[in-house]
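Here the structure is laid out as structure tokens; the discussion comes afterwards.
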Amino acid sequence: MSASTTILDDIGDTPLLKLNHVTDSLDADIFVKCEFMNPGGSIKDRMALCMIEGAERRGDLQPGGTILDQSTGNTGPALAFVGAVKGYDVSLFLPAQLSSSYDPTDRIRLALQYGCEVTPIDLDDHMEGAGHLNGVERAAAFVAIRMKQCHDLQLGDPSVWWANQLCNVDNTRAHREHTGREILQQVDGPIDGWVASVGTGGTLLGVAQALGVGNPGMKVHGVVPADDPRLEWVRTRAIHRVLDRLGVPDMRFLMEDLLEGGVMDAEVTVQDADARDMADRLCREEGLYCGMSSGANVHAAIEMARTMGAGSRIVTVLVDRRDRYISEHPDEHYVF
């Protein structure tokens, strides 16, 4: 065994395990890709590294530069982690008030510990009439106003690079060229189903593209939280209307590639309680200390298995570690 040059060399090549206990009643096999074992603690390590190195190759991110993005989830700590190792400053924008009920405190603390700057943005301070928006439009506005902050800073300073996780094709590429290919190497035989949270769209789309090459009949299910209308603010173009109102140039979201490409055979809505219960079972019965998105993914994979034939083989991902939700315990929330 040779030593790694930096901790970034240890991103990827995560184990793939077959579940043995939570699937006792099934006539199918469910395999989980253990992405919580990445060195930064989540699947977003892959995306952050791929996006940053893509920007470096293009010359968009120069030595001594600053990385920007908006995040309340795992992307923030991942960008802060990779950026710290590579010597960049990282700055994140998050909402001063949330459009859903979960608490991002632990993810924010992780980013801060890597030296990241975190700036809360109050929607009402930056958008006139925000209080009159409907639910989907208001959820879109929470994201759009933070995207505007990133866009404006990048426009005004050549040393600043906006990662733009929601639209960056290197996000999808990370999972098509790495996560998906690893799964193909690790699964001995055909894959009948692929299940993952929609999130930014990158993981679900990229892995589906990789797995679909050798498994043309494979079913793809996208998993969404009950209280996050993200697909709706893309599907209805609410996010585009808000960005236009804010003066941000139009851009294509990875979720649009999912929707317009007909990638998903089904959208599965998972409640907090179901995600939490499955995360508890994965920890207690399988020894897998993973978080709410992981619980939601496995819950949805089991639901898929019940609709498929005997002997079906389904793959999903365990996204992050359970300790990223400690401050919410015992009422952790499933979020993208």
Side-chain angles (χ1 to χ4, degrees), residues 5-9 11 40 44-96 107-108 110-123 125-127 140-175 177-178 200-202 206 239-257:
T5 302
T6 77
I7 190 66
L8 302 182
D9 296 327
I11 294 175
K44 298 298 186 180
D45 290 359
R46 294 181 185 266
M47 178 187 76
L49 181 63
C50 195
M51 292 194 306
I52 289 171
E53 291 190 340
E56 290 173 332
R57 285 192 300 272
R58 293 187 300 271
D60 297 335
L61 179 59
Q62 300 287 339
T66 298
I67 298 167
L68 301 179
D69 213 346
Q70 57 84 29
S71 173
T72 53
N74 284 313
T75 298
L79 287 172
F81 158 53
V82 177
V85 176
K86 285 180 166 284
Y88 298 112
D89 291 330
V90 179
S91 183
L92 298 174
F93 294 97
L94 63 143
R107 273 76 78 201
I108 294 168
L110 284 169
L112 291 170
Q113 287 170 342
Y114 283 115
C116 180
E117 180 182 12
V118 175
T119 304
I121 300 294
D122 192 309
L123 176 63
D125 289 346
H126 290 83
M127 187 173 179
F142 270 97
V143 175
I145 192 65
R146 290 177 285 143
M147 293 179 73
K148 176 177 171 55
Q149 304 304 308
C150 295
H151 169 265
D152 290 351
L153 284 170
Q154 177 178 252
L155 197 64
D157 186 344
S159 71
V160 167
W161 171 70
W162 175 23
N164 197 3
Q165 58 167 321
L166 293 171
C167 304
N168 192 325
V169 295
D170 284 333
N171 178 348
T172 303
R173 184 171 66 83
H175 300 293
E177 297 184 1
H178 299 286
T200 63
I239 186 71
H240 292 284
R241 291 194 295 274
V242 179
L243 287 171
D244 180 66
R245 179 176 170 181
L246 294 171
V248 178
D250 195 34
M251 57 192 70
R252 184 171 179 82
F253 288 78
L254 302 179
M255 284 176 279
E256 292 176 279
D257 294 336

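Numbering starts at 1 and runs along the sequence shown. What you see is a predicted model, and the numbers here were worked out from it, not measured in a lab.
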Does a salt bridge link D170 with R57, judged by any charged N lying under 4.0 Å from a carboxylate O? no
Looking at every heavy atom in both D257 and R252, which two are closest together, and how far apart are they? OD1-NE, 2.6 Å
From CE (M51) to CH2 (W162), nearest 0.5 Å: 11.5 Å
Side chains of V242 and M147: closer than 4.5 Å at any heavy-atom pair? no
Rounded to the nearest 0.5 Å, the CG atom of D89 sits from the CD1 atom of I67 at a distance of 9.0 Å
Nearest 0.5 Å please: distance from the CD1 atom of I52 over to the CG atom of L79. 5.5 Å
Could you work out, with side chain to side chain contact (heavy atoms under 4.5 Å, CB included) as the rule, every residue matching L8, not counting sequence neighbours? T6, I11, L49, F81, V82, V85, K86
Between L61 and Y88, is a side chain to side chain contact (heavy atoms under 4.5 Å, CB included) present by the stated rule, with each step listed? CA-CA 9 Å; L61 179 59; Y88 298 112; 3.6 Å; yes
Residues G202 and T200: closest non-hydrogen pair is N-OG1, 3.2 Å
Is the shortest side-chain heavy-atom distance between K44 and P77 below 4.5 Å? no
Using side-chain heavy atoms (C-beta onward) and a distance below 4.5 Å, is I239 in contact with F253? yes
Would you compute the distance between atom CZ of R146 and atom OG of S71 and round it to the nearest 0.5 angstrom? 8.0 Å
Distance only, no hydrogens: is a donor on one side chain within 3.5 Å (strictly under) of an acceptor on the other, for Q165 and T75? yes
Taken to the nearest 0.5 Å, the spacing of D250 CG from H240 NE2 works out to 5.5 Å
Could you pull out the closest heavy-atom pair between W161 and N168, with the gap in Å? CZ2-ND2, 3.9 Å
Minimum heavy-atom distance between C50 and A174, given as atom pair plus value: CB-CB, 3.5 Å
Could you check if a side-chain atom of H151 sits within less than 4.5 angstrom of a side-chain atom of P249, using non-hydrogen atoms only? yes
Please enumerate all residues that pass side chain to side chain contact (heavy atoms under 4.5 Å, CB included) together with R241, with sequence neighbours excluded. E137, T236, R237, A238
Excluding sequence neighbours, so at least two apart, what forms side-chain hydrogen bond (donor to acceptor under 3.5 Å, both in side chains) with D152? K148
Which heavy atom of A144 sits nearest to which heavy atom of L243, and what is that distance? CB-CD2, 3.8 Å
For the residue pair L166 and Q70, establish whether any side-chain heavy-atom pair is separated by less than 4.5 Å. yes
Output for pair (C150 SG, I145 CD1), nearest 0.5 Å, gives 11.0 Å
